[in-house]
Amino acid sequence: MPRLLQALALVSGLFLAACSQTDPTAGYNDPLESANRGVHAFNKGLDTAIVRPASKAYGTVLPKPVRQGVSNIASNLGEPSNVINNVMQGRLANAAHNTVRFVANSTIGLAGTFDVATAIGLEERDTDFGETLHVWGAQEGAYLELPLLGPSTSRDAVGTAVDFVLNPVETMFHDDVRKVQTATNIGSRLGDRNDFSNTVDSILYDSEDSYAQTRLTYLQNRRFKLGGSEAEVPYIDPYEDPYGQ
Amino acid sequence: MASNSTRRHVLAGLTSAGALLAMGAPAQALTTQQASALIGKVVDEVNTVISSGQSQDRMIAAFEKIFARYADVPIIARSALGVAARSASSPQMNAFTEAFQGYMARKYGKRFREFQGGKIEVSSAKQVKSFFEVSTTVRVPGSAPYDVKFLVSDKSGKDLFFNLIIEGINMLASEREEIGAMLDSRKGNLDLLIRDLKTAG
């Protein structure tokens, strides 16, 4: 199980960082900025050379309904992991919701190709171990940009590693299912890169400081999704304070 | 146009009169209902643009009109420029505001264009301090709904929105960071920034 050991090493290293106290309302905490900027330059180069052209090809070759099917299969294979996290979060209603989604989409939805659950009012409620750590009271920690995986925080990086290890599809399902999961995950990511190319290109290529824009966009969006006190940063009131001091 | 807007104000005044009396608020203050109605008009116009199937350039021109009419562009521009706005001359501020308006239309017009095939609806509104937060939901087939919030104020003398929060991402905060970075890399030269902003976004 070398993969498990690697993941555990990553977890233990990052856990210390995740435990460090930060004030989430202060905008961001980025003590590793110079290292992060290096990783950002690498990721951006990878996007320019491979991911962006591949996503364009993916979006051109495959019609929208096929791309939707691929992304539905990927989401469906993520449901067992969602359910485990829902249980650990104590959100049992969500655990039941996602279990029903998994059963309905895996059967009537033809192995997850069609999201029939959403059609009957059971919308997607995605979660991850980073959110579980948040529910358990772990602080956001430092901002991180991870190679290949992109923007994260020390808490979310631990979450990603734990999700990888705990994912029932990885540990309990047949090899072929794992291959389908890997392939559809890549397809789904390329599809998203293509569907949101305007926004992604605007952040990565049109902005003056793509690192700063990526950091701000990721952290604000992540805090919004997790909800709670971290999302409740007071609004800027430009009428009270027109120069932002 | 003039008689139309007068009538609209009278009607808005009549419908909110009861609520105002109950709250004891001054007669001219903006209400949750009015803020919500303003954003209702904005999203109606945005919906028309994103369902029109026009070219990107035409859509951006249409978004700029909506932005100029319903947003408090001068205060957004001033806030994005930050401390540098203090030492700017008034012709510089005018030129900056004009360039900023076009830049915002190009940048955010492209993002709203990603909602093509979808529809935006006002879902709720509430007062936050001295302004109003109007929440809208963007429904695009095949993806989970998006949350877009507009912040509305009447402090300019008109009811206008001054910020936009798309899935938690705050437009004012992003633009402060971005305009600040642009100014830094031009060594604080505002005229250079204005020149480059005319084609940025």
Side-chain angles (χ1 to χ4, degrees), chain A residues 27-28 64-65 67-69 71-72 75 114-115 118-119 123-126 188 191-192 194-203 205-227 230-245, chain B residues 56 72 74-86 106-114 117 128-131 133 140-145 147 149 151 153-156 162-163 165-170 172-186 193 196 200-201:
Chain A
Y28 53 79
K64 178 77 183 162
R67 283 184 273 138
Q68 188 69 53
S71 118
N72 286 347
S75 301
F114 300 98
D115 186 359
T118 292
E123 81 292 348
E124 190 172 352
R125 288 186 194 168
D126 212 11
S188 175
D192 285 346
N194 181 60
D195 291 346
F196 299 102
S197 62
N198 276 335
T199 300
V200 180
D201 287 351
S202 152
I203 292 170
Y205 301 108
D206 297 340
S207 70
E208 188 71 33
D209 183 351
S210 64
Y211 174 77
Q213 285 294 316
T214 303
R215 178 176 61 194
L216 184 141
T217 304
Y218 174 78
L219 290 176
Q220 291 197 342
N221 180 248
R222 181 67 178 160
R223 289 169 189 167
F224 166 76
K225 284 189 173 148
L226 296 181
E230 283 176 8
E232 283 161 15
V233 179
Y235 285 137
I236 307 163
D237 185 347
Y239 298 98
E240 296 279 315
D241 177 19
Y243 307 108
Q245 310 213 304
Chain B
Q56 179 155 301
D72 188 351
I75 197 83
I76 298 170
R78 179 172 293 270
S79 173
L81 190 53
V83 187
R86 281 186 147 171
R106 286 187 293 279
K107 184 167 177 177
Y108 289 88
K110 284 183 201 162
R111 297 199 181 176
F112 271 94
R113 200 166 174 262
E114 282 169 356
V128 182
K129 295 193 282 187
S130 63
F131 50 85
E133 176 196 276
V140 184
S143 48
D147 177 282
K149 291 185 172 72
L151 303 187
S153 169
D154 62 356
K155 285 214 178 143
S156 63
F162 65 90
N163 200 354
I165 294 122
I166 305 173
E167 289 280 298
I169 303 154
N170 190 310
L172 261 187
S174 306
E175 292 314 319
R176 277 184 171 186
E177 179 109 41
E178 177 65 8
I179 299 293
M182 286 181 84
L183 200 58
D184 281 351
S185 67
R186 285 162 189 74
L193 171 73
D196 293 345

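Protein chains get the first letters and strands the later ones, always in sequence-line order, with residue 1 at the start of each.
For Gln68(A), the part lying under 4.5 angstrom from a heavy atom of chain B is the side chain only. Residue Gln56(B) touches chain A through its side chain alone, counting heavy-atom pairs closer than 4.5 Å. Only the side chain of Leu151(B) comes within contact range of chain A, with heavy atoms under 4.5 Å apart. Residue contact with chain A, scored on non-hydrogen atoms closer than 4.5 Å, is absent for Ala200(B). Within the 4.5 angstrom heavy-atom criterion, only side-chain atoms of Arg186(B), from C-beta onward, approach chain A. Of the atoms belonging to Ile76(B), not a single heavy atom falls under 4.5 Å from chain A. The contact between Lys107(B) and chain A is made entirely by side chain atoms (from C-beta outward), counting heavy-atom distances below 4.5 Å. Of the two parts of Arg215(A), only the side chain, counted from C-beta on, holds a non-hydrogen atom closer than 4.5 Å to a non-hydrogen atom of chain B.
Atoms CZ and CD1, on Arg222(A) and Ile169(B) in that order, are 13.0 Å from each other to the nearest 0.5 Å. Atom CZ of residue Arg111(B) and atom OG of residue Ser202(A) lie 4.0 Å apart, to the nearest 0.5 angstrom. Note that the CG atom of Asn198(A) and the OH atom of Tyr108(B) stand 13.5 Å from one another [nearest 0.5 Å].
A donor and an acceptor atom, one from each side chain of Tyr239(A) and Asp72(B), are located under 3.5 Å apart.
Residues Asp147(B) and Phe224(A) form a side-chain contact, since some pair of their non-hydrogen atoms from C-beta on lies under 4.5 Å apart. Looking at heavy atoms from C-beta onward, Arg78(B) lies out of side-chain contact with Pro238(A) at the 4.5 angstrom threshold.
No donor-acceptor distance shorter than 3.5 angstrom exists from the side chain of Glu124(A) to the backbone of Ala144(B), with no hydrogens or angles considered.
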(request) Applying side-chain contact (heavy atoms from CB on, under 4.5 Å), run through Asp195(A) and Glu114(B) and close with a yes or a no. (result) CA-CA 7 Å; Asp195(A) 291 346; Glu114(B) 282 169 356; over 6 Å; no
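When all heavy atoms of Arg176(B) and Asp241(A) are compared, the closest pair comes out as NH2-O, 3.9 Å. Heavy atoms only, all atoms of each residue included: Tyr235(A) and Glu133(B) are closest at OH-OE1, 2.7 Å. The two atoms that bring Ser174(B) and Gln213(A) nearest to each other are O-NE2, 3.0 Å, heavy atoms only. Closest approach of Gln220(A) and Ala173(B) over heavy atoms only: NE2-CB, 3.7 Å.
Heavy-atom pairs under 4.5 Å with chain B were tallied for Asp237(A), Asn221(A), Asp209(A); the largest tally goes to Asn221(A).
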